[in-house]
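Beneath this line is the structure, given in structure tokens, with notes to follow.
Numbering starts at 1 and runs along the sequence shown.
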Amino acid sequence: MAAIIKLRHMPGVQKNVWNYFKTMHRNISTSKKNSDTASTACEASGDDKNWVSYGFDYKSKEEDTNVHNASFFFSVTLCLVFGGFAWAYSPDVHLRDWAQREAYLELRRREKAGLPPISPNYIEPKTVKLPSEEELCDVEIII
């Protein structure tokens, strides 16, 4: 929407668009056309020679329309709308909210105690076993 508003202020676009709309005319006719009268005659007689099936039933127009409407109702309304609602408001099974809340509480506790947010010795250096220089040999170490 913002792009349309920005384009509206450009002089070249203004000139071309407004000239197009000034020259465009829409004529409204209220007279009956032959195609309108022919379609009402076919509908009144029950002739379905121009009927195109939705692919559910090739013999009955009414059955085809009913199954088409029902399938779209179930797929769109029930699956997409109610399924999306259930997915959006389902409980947090991975406990992401809980983990974030606990992290904020831990940060607040460490700030009150005067500690850094993350301890540089998160893991005791004595418990970490590093390879010796001989084991590393010519392996490039990227930090």
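Applying the ring-ring contact (aromatic ring centres under 6.0 Å, His included) test to Y122 and every residue at least two apart in sequence or in another chain returns nothing. Qualifying side-chain contact (heavy atoms from CB on, under 4.5 Å) partners for D57, counting only residues two or more places apart in sequence or in other chains: K59, S60, E63, D64. S90 meets the side-chain contact (heavy atoms from CB on, under 4.5 Å) test with no other residue; sequence neighbours excluded. Among residues two or more places apart in sequence or in another chain, the salt bridge (Lys or Arg N to Asp or Glu O under 4.0 Å) test is passed with R109 by E106. For W87, there are no side-chain contact (heavy atoms from CB on, under 4.5 Å) partners, not counting sequence neighbours. For D97, the side-chain contact (heavy atoms from CB on, under 4.5 Å) test picks out D92, with sequence neighbours left out. Partners of F74 by ring-ring contact (aromatic ring centres under 6.0 Å, His included), not counting sequence neighbours: none found. Partners of Y54 by ring-ring contact (aromatic ring centres under 6.0 Å, His included), not counting sequence neighbours, listed by chain and number: H68.
Screening residues 124-143 for side-chain hydrogen bond (donor to acceptor under 3.5 Å, both in side chains), with sequence neighbours left out, gives no hits.
Alongside W98, the hydrophobic cluster contains L95 (criterion: ILVMFWY side chains under 4.5 Å). Grouped by direct or indirect side-chain proximity (heavy atoms under 4.5 Å, Ile/Leu/Val/Met/Phe/Trp/Tyr only), L136 sits with I141, I143. Grouping Ile, Leu, Val, Met, Phe, Trp and Tyr residues whose side-chain heavy atoms lie under 4.5 Å apart, directly or via other members, places F85 in a hydrophobic cluster with Y89.
The CG atom of L105 sits 11.0 Å away from atom CD of Q100, with the distance rounded to the nearest 0.5 Å.
Shown here for W51 and Y58, the closest heavy-atom pair between the two residues is CZ3-O, 3.5 Å.
No more than 12 heavy atoms of other residues, nucleotides or ligands lie within 6.0 Å of CD1 in I118, so this atom counts as exposed by the packing criterion.
When atom types are taken as modelled, the side chain of R110 and the backbone of L115 share no donor-acceptor pair closer than 3.5 angstrom.
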